[in-house]
Engineer: 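My structure is below; once you've seen it, I'll send some questions.
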Amino acid sequence: MNQETPSTHPNTVIKYCPFCGAKDLESRDVNYFYCNSCHKEYFTNTAAAVAAIITDNQGRILFTRRAHDPFKGMLDLPGGFVDAGETAEEALFREIREELGSEIIEFSYFCSFPNEYPYSGLTYYTLDLAFICKLESMNNLKAMDDISGIEFIDPMQVSLDEISSQSMRNIIRTYRGHLI
């Protein structure tokens, strides 16, 4: 977490108990709340998300452009949140199908990093799991769902300032380290 608590942090935004509705919710930790009225505990746990590192035959990484906030217009890796009841692998396959219109034929786990995802006035904490992926075809990829474009960029040349989130920048830094 940032040293400065953002105004969208759950401790700042969540004021009412989700069980009884009382405004007697006490924040006891980064993700832990206690209601002094009904004595229930509430947690805002980390959500899982997946990201795909896909390279072309020149070693360039497939980046997407975000179509919506947060980080509209910035570079990102294809991927997204893991849905309830879904494995990380299932989410990875679904997200690539939804965003690029392609299928993964090979993948391997690469690394993970925590992230802060501000959305609609609330910061969500995620654990972003990166996978190195090979697609059935690099032809006819389409920018769909919540992406506005697809770009192939040399991982050593991409500006980290253009990448949407700290976790994605960390994933690219780690990937660069494996190339050296």
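Since the structure is predicted, the reported quantities are computational estimates derived from the model, not experimental observations.
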Engineer: Step through it carefully: locate the ring centre of F81, locate the ring centre of Y124, and say whether they are under 6.0 Å apart.
Structural biologist: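 Here the rings of Y124 and F81 have centres that are no less than 6.0 Å from each other.
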Engineer: Are V30 and H9 side-chain neighbours, meaning at least one heavy-atom pair lies under 4.5 Å?
Structural biologist: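 Result yes, sub-4.5 Å side-chain heavy-atom pair found.
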Engineer: Checking F107 against F93 for the ring pair (Phe, Tyr, Trp, His ring centres under 6.0 Å) test, could you report, in this order, the C-alpha distance in whole Å, the side-chain angles of both residues, the deciding distance, and whether it holds?
Structural biologist: CA-CA 10 Å; F107 70 97; F93 279 63; 5.4 Å; yes
Engineer: Hydrophobic clusters here meaning ILVMFWY residues chained together by side-chain heavy-atom distances under 4.5 Å, can you tell me if L77 and L129 are in one?
Structural biologist: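 Different clusters.
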Engineer: Taking the six-membered ring where the residue is Trp, are the ring centres of F110 and F131 under 6.0 Å apart?
Structural biologist: no
Engineer: Within a strict 4.5 Å, meaning less than it, do heavy atoms of the L75 and S164 side chains meet?
Structural biologist: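 No, side chains not in contact.
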Engineer: Would you mind reporting whether I14 and L25 have side-chain heavy atoms less than 4.5 Å apart?
Structural biologist: yes
Engineer: Salt bridge check: are R60 and D154 linked by an N-O gap of less than 4.0 Å?
Structural biologist: no
Engineer: Quick check: are there more than 12 heavy atoms from other residues, nucleotides or ligands sitting under 6.0 Å from OH of Y109?
Structural biologist: yes
Engineer: Does E99 reach the side chain of M144, with side-chain heavy atoms less than 4.5 Å apart?
Structural biologist: no
Engineer: Against the six-membered ring of Y34, is R28 placed for a cation-pi contact (under 6.0 Å from the centre, within 45° of the normal)?
Structural biologist: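 Flagged: R28 positioned over aromatic ring of Y34.
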Engineer: Does the distance from a Lys or Arg side-chain N to an Asp or Glu carboxylate O, for E90 and R94, drop under 4.0 Å?
Structural biologist: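 Answer for the salt bridge query: no.
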Engineer: Flag the pair T46 / P114 as yes when at least one side-chain heavy-atom distance between them is below 4.5 Å, and no otherwise.
Structural biologist: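 Side-chain contact under 4.5 Å: no.
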